[in-house]
Amino acid sequence: MDPPREHDHTVVGVRDFAEALAFINKVGALAEAMNHHPDIVNSWNKVTLTLLTHDRGGLTDLDFELAKKIDAL
C-alpha cells in the first residue's frame with residue numbers, strides 16, 4: 001500500500017498567459033467559496049496547483065473536494 005501523500009501537485013497546460021490568469025481566477029473563486037486555498041504558481045502557459053491543508057500538514061477531505069471541483073472546470 002502506498003504511504004499517504006503530503007500534498008497533491010498538478011500542472012495544468014493552457015494556451016497563453018491570459019488563459020492561465022482566467023483559469024487561476026476560476027480556481028480562486030472555488031477556493032474562496034470553500035475557504036480552502038491552494039498554492040498557485042503561474043509560468044506563462046502553465047499553472048501549477050499544490051493542494052494541501054497547511055494546518056494539518058497534508059491532504060484532507062477538503063483537498064479532494066476542491067480537486068474534484070477544479071477538475072470540473
**Prompt:** Is the shortest heavy-atom distance from the side chain of T48 to the side chain of T10 under 4.5 Å?
**Reply:** no
**Asked** Going through the checks in order, is the side chain to side chain contact (heavy atoms under 4.5 Å, CB included) test met by L59 and F64?
**Response** CA-CA 8 Å; L59 292 170; F64 293 104; 3.9 Å; yes
**Request:** With the side chain counted from C-beta on, respond yes when L52 and H54 share a heavy-atom pair under 4.5 Å apart, and no when they do not.
**Result:** yes
**Request:** Measure the CZ-CZ distance between R15 and F23 for me, rounded to the nearest 0.5 Å.
**Result:** 13.5 Å
**Fill in**
With sequence neighbours left out, the residues meeting side chain to side chain contact (heavy atoms under 4.5 Å, CB included) with N35 are H37
**Request:** Take atom CG of D61 as the centre, draw a 6.0 Å sphere, and report whether it contains more than 12 heavy atoms from other residues, nucleotides or ligands.
**Result:** no
**Asked** Does some side-chain heavy atom of D63 sit less than 4.5 Å from a side-chain heavy atom of H36?
**Response** yes
**Asked** So do the side chains of L62 and M34 get within less than 4.5 Å of each other, counting heavy atoms only?
**Response** yes
**Request:** Treating Ile, Leu, Val, Met, Phe, Trp and Tyr as nodes and any side-chain heavy-atom pair under 4.5 angstrom as an edge, say whether L21 and V41 lie in one connected cluster.
**Result:** no
**Message:** I need the E65 CD to T60 OG1 distance, nearest 0.5 Å.
**Reply:** 9.5 Å
**Message:** Taking A22's backbone N and O only, do any of them form a donor-acceptor pair with N25's side chain (distance below 3.5 Å, no angle check)?
**Reply:** no
**Beyond-backbone contact of L49 with D39, side-chain heavy atoms, under 4.5 angstrom** = no
**Asked** Distance from L66 atom CG to L30 atom CG, nearest 0.5 Å?
**Response** 6.5 Å
**Item:** Full working for side chain to side chain contact (heavy atoms under 4.5 Å, CB included) between V27 and I40
**Value:** CA-CA 9 Å; V27 170; I40 301 172; 4.2 Å; yes
**Item:** Least distance between heavy atoms, N42 atom then F17 atom
**Value:** ND2-CE1, 3.0 Å
